[in-house]
Amino acid sequence: MSSIGVVNFSSEPGSVEIREIEKPIIGEDDVLLEVANVGVCGSDLHQWTSDHSWPVNYPVVLGHEFGGHIAALGKRVSGWKEGDRVVSETAAIIDLNSPLTRQGLYNLDPTRKGFGYGVNGAMTRFVKVPARCLHAVPENLPFEQACLTEPCSVAYNAVVMNSKIKPGDRVIVLGPGTIGILCAAVARLCGAEVAVVGLEADRERLNIAKQYGCEGIVGDASAWANKQDGLGVDCVIDAAGASATLKIALQLVRPNGHITKVGWGPQPLNFSLDPLVQKNVTLQGSFSHNWPIWEKVLSLLASGTLDVKPIIGGVWELKDWHEAFDQMHSGKVVKSVLKPS
């Protein structure tokens with residue numbers, strides 16, 4: 001039995017198309033998941049335009065933000081049953097004996113491979129998922145929202161775990177994409193005053209950020225950064241997909257402040273890091289997420305404390321993937337969601 005899938009088939013720009021995909025054969029510790037919804041991530045767009053900086057196992061079905069119903073279980077899987085509503089983490093392959101995995105930090109295991117680049121992802125009807133990746137989705141949470149647990153977990157890890165933002169902090173987020181706006185939303189939940197910074201082309205997305213109680217700024221954010229005491233903001237979260245924004249972050253952050261870089265940028269920096277030293281600034285990378293973060297985020301989504309509805313720009317059928325990608329790539333919407341089945 002086959003179905004269609006959105007496949008990235010080579011490293012050449014634009015190498016994504018609809019192909020026939022065979023139904024996966026699951027192992028003893030896997031489930032077969034029938035996908036209800038799958039979010040389009042900025043990394044899917046980067047693979048489409050071929051300006052990514054991670055290795056890809058071509059050809060591969062795209063999609064790592066997904067949820068759906070369990071259609072079949074491997075014989076060693078316990079605690080789940082057919083029909084259960086679930087979302088899946090992204091760490092499809094990990095080394096269970098890695099020292100990092102044993103600490104619960106399997107997201108940082110160097111051998112980790114994720115859905116949508118390392119193994120086939122969820123932009124198709126059925127996907128094979130290790131049962132250890134699953135989390136139950138409450139009945140009151142629609143899959144269009146539940147499939148965004150993954151980017152919300154990226155934001156939670158960046159803001160709560162790696163930035164330790166406190167009530168009263170002043171925070172600037174660079175980049176009004178999905179991750180940037182969700183980082184801003186989580187920072188607001190932490191009690192921070194937040195501004196999201198983008199370019200002229202980002203005005204529509206900055207208006208979405210305003211729905212979360214954030215200031216939207218086009219271009220230079222120096223005035224907002226220095227408004228309180230002239231020294232800059234407590235924390236800058238760099239969620240832009242470029243290296244050059246780190247220079248802006250160093251200008252906006254206060255002495256002894258914190259910069260968290262969550263956006264990928266493969267370009268060389270070509271500027272001095274002396275301000276990092278002179279200002280005594282902490283520079284922190286933030287990557288992915290792990291089990292306890294997913295559980296926290298699911299409770300925030302189910303209770304409505306974190307509302308992802310404002311960022312969802314539309315739901316497209318799988319065959320209309322190109323329009324969904326293009327709407328995000330052009331900045332017309334913050335997040336596109338696909339409906340495979």
Side-chain angles (χ1 to χ4, degrees), residues 104-105 107-108 148-198 205-206 208-217 221-240 245-246 248-264 275-276 279-301 303-308 310-311 334:
L105 297 175
N107 54 311
L108 304 180
L148 302 190
T149 308
E150 196 276 338
C152 291
S153 295
V154 170
Y156 189 101
N157 193 29
V159 173
V160 179
M161 310 302 289
N162 285 322
S163 304
K164 300 178 175 61
I165 288 171
K166 303 178 295 298
D169 280 356
R170 300 184 77 250
V171 176
I172 280 179
V173 178
L174 301 176
T178 301
I179 299 300
I181 291 179
L182 289 175
C183 282
V186 174
R188 290 286 296 143
L189 291 180
C190 293
E193 192 179 349
V194 183
V196 182
V197 182
R205 298 196 295 181
L206 289 169
I208 305 285
K210 290 177 185 175
Q211 294 183 43
Y212 289 100
C214 304
E215 186 93 12
I217 298 173
S222 303
W224 194 92
N226 295 318
K227 184 171 68 174
Q228 191 174 54
D229 60 7
L231 291 173
V233 293
D234 298 286
C235 180
V236 179
I237 296 172
D238 184 352
T245 45
L246 183 58
I248 298 169
L250 284 166
Q251 292 162 358
L252 299 174
V253 73
R254 69 194 292 108
N256 207 40
H258 194 105
I259 298 170
T260 298
K261 184 149 181 57
V262 64
W264 293 79
L276 184 81
K279 284 183 163 184
N280 200 71
V281 167
T282 301
L283 176 60
Q284 170 78 48
S286 185
F287 178 68
S288 193
H289 30 65
N290 59 4
W291 191 90
I293 291 172
W294 277 69
E295 289 293 300
K296 295 283 188 192
V297 165
L298 275 163
S299 1
L300 290 171
L301 290 171
S303 67
T305 306
L306 178 58
D307 182 10
V308 293
I311 70 167
V334 175

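As the structure is a computational prediction, the values presented were derived from the model and not from experiment.
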Query raised in the report: Between CD of Glu295 and CG of Asn290, what distance do you get to the nearest 0.5 Å?
Result: 11.0 Å
Query raised in the report: Atom CG in Asn162, atom NZ in Lys261: separation rounded to 0.5 Å?
Result: 14.0 Å
Query - Side chain to side chain, Asn157 and Phe287, heavy atoms closer than 4.5 Å - result: no
Please tabulate, one pair per line, all N/O donor-acceptor pairs under 3.5 Å involving side-chain atoms of residues 181-190, not counting sequence neighbours.
unit_1, atom_1, unit_2, atom_2, d
Arg188, NE, Tyr212, O, 3.4
Arg188, NE, Gly213, O, 3.3
Arg188, NH1, Ala192, O, 2.9

Report summary line: Correct closest heavy-atom pair for Ile217 and Ala195 would be CD1-CB, 3.8 Å
Report task. Quick one: pull up OG1 in Thr149 and CG in Leu300 and give me the separation to the nearest 0.5 Å. Result -> 10.5 Å
Query raised in the report: At what distance, to the nearest 0.5 angstrom, does CG of Leu306 lie from CG of Leu298?
Result: 10.5 Å
Report summary line: All heavy atoms of Ala239 vs all of Val173, minimum pair found to be CB-CG1, 4.4 Å
**Report entry** Closest contact, heavy atoms only, Ile237 versus Val171
**Finding:** CD1-CG1, 4.2 Å
Requested in this report: Kindly determine whether Arg170 and Arg254 satisfy side-chain contact (heavy atoms from CB on, under 4.5 Å), including the steps that lead there.
Outcome: CA-CA 10 Å; Arg170 300 184 77 250; Arg254 69 194 292 108; over 6 Å; no
Report summary line: What one should report as the nearest heavy-atom pair of Asn226 and Gly232 is OD1-N, 3.2 Å
Query raised in the report: Can you find a pair of side-chain heavy atoms, one from Leu148 and one from Ile311, that are under 4.5 Å apart?
Result: yes
Requested in this report: Kindly indicate whether the side chain of Leu301, heavy atoms from C-beta on, has any atom under 4.5 Å from the side chain of Cys152.
Outcome: yes
Query - Sub-4.5 Å side-chain heavy-atom contact between Leu252 and Leu174 - result: yes
Report summary line: Nearest heavy-atom contact between Pro310 and Gln211 is CB-OE1, 3.5 Å
Requested in this report: Decide whether Ser288 and Asn107 meet the rule of one side-chain donor and one side-chain acceptor closer than 3.5 Å.
Outcome: no
**Report entry** His289 side chain near Glu150 side chain, heavy-atom distance below 4.5 Å
**Finding:** yes
Query raised in the report: Are any of the side-chain heavy atoms of Thr260 and Gln284 separated by less than 4.5 Å?
Result: yes
Query raised in the report: Going by heavy atoms in the side chains, are Val197 and Trp224 under 4.5 Å from each other?
Result: no
Query raised in the report: Of all residues at least two apart in sequence or in a different chain, which pass the side chain to side chain contact (heavy atoms under 4.5 Å, CB included) check with Asn256?
Result: Asn280
**Report entry** Any donor-acceptor pair under 3.5 Å from Ser163 side chain to Val160 backbone
**Finding:** no
Query - Leu283 side chain near Leu246 side chain, heavy-atom distance below 4.5 Å - result: yes
Query - Donor-acceptor pair, side chain of Lys279 and main chain of Gly257, under 3.5 angstrom - result: no
Query raised in the report: Can you tell me how far the NZ atom of Lys296 sits from the CE atom of Met161, to the nearest 0.5 Å?
Result: 9.0 Å
**Report entry** Pair Asp234 + Lys166, salt bridge at N-O below 4.0 Å
**Finding:** no
Report task. Heavy atoms only: give me the nearest Val334-Gly177 pair and the separation to one decimal. Result -> CG1-C, 4.0 Å
Requested in this report: Look up atom OG1 in Thr282 and atom NZ in Lys164, then write down how far apart they are to the nearest 0.5 Å.
Outcome: 10.0 Å
